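All remarks here apply to the structure that follows.
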Amino acid sequence: MRLLHFLASIPLGILLASCGSPTPSLSPSPSPSGSSSSSPTPFPEAAVPLYFLRGSTLGVSHRMVSTADGYPLNALTALVAGPDATETAAGLGTDIPKGTRILHVRVTGATAVVDCSEAFLQDITSRSVRNRVSEIVYTATSTSAITNVQITVNGSTPSIPGAPLNMSRTFGRSDFLDTLPPIFLESPAVGDTLTGSLHMTGLANVFEAQFNFTLTDSAGKLLASGSIQASAGTGTWGTFAYDTAYAASSAPSAVLHVYDLSAKDGSVIDSVVLQLPLT
């Protein structure tokens, strides 16, 4: 699900991705030398989706990052730095090795070429390469301006013996549907706060395209519950969007539980659990 409303404050760099002619390479700005008697003007920040791993499948965080270098460089730089303390506490991790850096991002039309440092290839396996590439592809394509991603290492196509991916080609989100959980909740996500209404979006591949949710505050009070209908299911991925108000609560946080029920025995399956601050 493309989360454009999280990217509205990102500067002109994101818009250049939709042009037909090549755009300049977006590289991290060097630190200025020397000292200054005045404090530098900080760059604004924007909330962007970062796609980490939750267990063996993708999970989402919304994090405030600097817009200094434009999108997607700023988001990818935050991604390869790994989950922060809040994201780690929420169960998010990564297969991208520590020390990996984004050297530059070149956007031409709807394709982004993401050049990573050599550390990206550390201890790589046939499974971890899919995880690493999917984290980068989903993060880079969070804007509809970018739909395809190619990954290079130090400016060249990486050679990964036995890898199940042809790294010389570009990838889109549909190439990594196997890395998604059956209910892929993209919003709300780790890092979000509920402010009076609940807006849920994402993808699902569940029996009869229907699943359920409850929202309970930290004191145990049920704030909202219901069923969600995706656009497709039972072996086919469908999208979903669901909005609802919830009961007032003075508690500081709530737990959102999105889940399916087994057609075999009615047990809870495919759970997604998020703890979200309330205002």
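Bear in mind the structure is a predicted one, so any value in this text is a computation, not a measurement. Heavy-atom basis, side chains included; hydrogens, waters and symmetry copies ignored.
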Please list, chain by chain and in numerical order, all residues satisfying side-chain hydrogen bond (donor to acceptor under 3.5 Å, both in side chains) with T244, sequence neighbours excluded.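 T244: no side-chain hydrogen bond (donor to acceptor under 3.5 Å, both in side chains) contacts found.
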Kindly work out whether a path of hydrophobic side-chain contacts (I/L/V/M/F/W/Y, heavy atoms less than 4.5 Å apart) joins V60 to V273.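 Looking at the clustering, V273 is in a separate group from V60.
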F207 with L203, same ILVMFWY side-chain cluster at under 4.5 Å: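 Different clusters: F207 never reaches L203 through Ile, Leu, Val, Met, Phe, Trp or Tyr contacts under 4.5 Å.
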Assess whether side chain to side chain contact (heavy atoms under 4.5 Å, CB included) is satisfied between V190 and R54, documenting all intermediate values. CA-CA 11 Å; V190 176; R54 179 179 281 113; 3.7 Å; yes
Quick one, N154 with S156, criterion side chain to side chain donor-acceptor pair (under 3.5 Å). Give me CA distance, side-chain angles, the key distance, then yes/no. CA-CA 6 Å; N154 285 338; S156 301; over 6 Å; no
Taking the side chain as every heavy atom from C-beta outward, state whether [X] and [Y] have any pair of such atoms under 4.5 Å apart.
X: N205; Y: P182; answer: no
X: N212; Y: S225; answer: no
X: I151; Y: R132; answer: no
X: R63; Y: T86; answer: no
X: Y71; Y: V107; answer: no

Salt bridge (charged side-chain N to carboxylate O under 4.0 Å, His left out) involving R130 - partner list, sequence neighbours excluded: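 So R130 forms a salt bridge (charged side-chain N to carboxylate O under 4.0 Å, His left out) with D178.
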By salt bridge (charged side-chain N to carboxylate O under 4.0 Å, His left out) - contacts of D175 (at least two apart):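 With sequence neighbours excluded, D175 shows a salt bridge (charged side-chain N to carboxylate O under 4.0 Å, His left out) to R169, given in chain and number order.
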Have H199 and S187 got a donor and an acceptor in their side chains that come within less than 3.5 Å?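 On atom types as modelled, these side chains do not qualify, holding no pair under 3.5 Å.
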Start with the C-alpha gap between C116 and I136, add the side-chain angles, then the distance that decides, and say whether side chain to side chain contact (heavy atoms under 4.5 Å, CB included) holds. CA-CA 10 Å; C116 301; I136 288 177; 4.0 Å; yes
Just list the side-chain donor-acceptor pairs under 3.5 Å for residues 213-223, sequence neighbours left out, or say none.
from, atom 1, to, atom 2, distance (Å)
D217, OD1, A219, N, 2.9
D217, OD1, G220, N, 3.0
D217, OD1, K221, N, 2.8
D217, OD2, S249, OG, 2.7
S218, OG, S253, O, 3.4
K221, NZ, A248, O, 2.8

Report the relative orientation of the aromatic rings in Y51 and F184; use parallel for angles under 30°, tilted for 30 to 60°, perpendicular for over 60°.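 Tilted, since the angle between the ring planes falls between 30° and 60°.
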Running the 4.5 Å side-chain criterion over Ile, Leu, Val, Met, Phe, Trp and Tyr, what cluster does V268 land in, apart from itself?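 For the cluster that includes V268, the remaining residues are Y259, L261.
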For side chain to side chain contact (heavy atoms under 4.5 Å, CB included), just list the numbers for L185 and F240, CA-CA rounded to whole Å, side-chain angles, deciding distance to a tenth of an Å, and then say yes or no. CA-CA 9 Å; L185 184 67; F240 64 87; 4.1 Å; yes
Counting only heavy atoms not in Q229 (residues, nucleotides, ligands), do more than 12 fall under 6.0 Å from its CD?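 Yes.
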What do the steps show when you test T152 against D115 for side chain to side chain donor-acceptor pair (under 3.5 Å), and what is the final call? CA-CA 5 Å; T152 59; D115 192 37; 2.7 Å; yes
Run the side chain to side chain contact (heavy atoms under 4.5 Å, CB included) test on L58 and E135 for me, step by step, so that the C-alpha distance in whole Å, both residues' side-chain angles and the decisive distance to 0.1 Å come before the verdict. CA-CA 7 Å; L58 287 179; E135 288 181 62; 4.0 Å; yes
Going by the rule side chain to side chain contact (heavy atoms under 4.5 Å, CB included), which residues pair with N131 if we only count those two or more places apart in sequence or in a different chain?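 Result, side chain to side chain contact (heavy atoms under 4.5 Å, CB included) vs N131: L53, D95, R127, T179.
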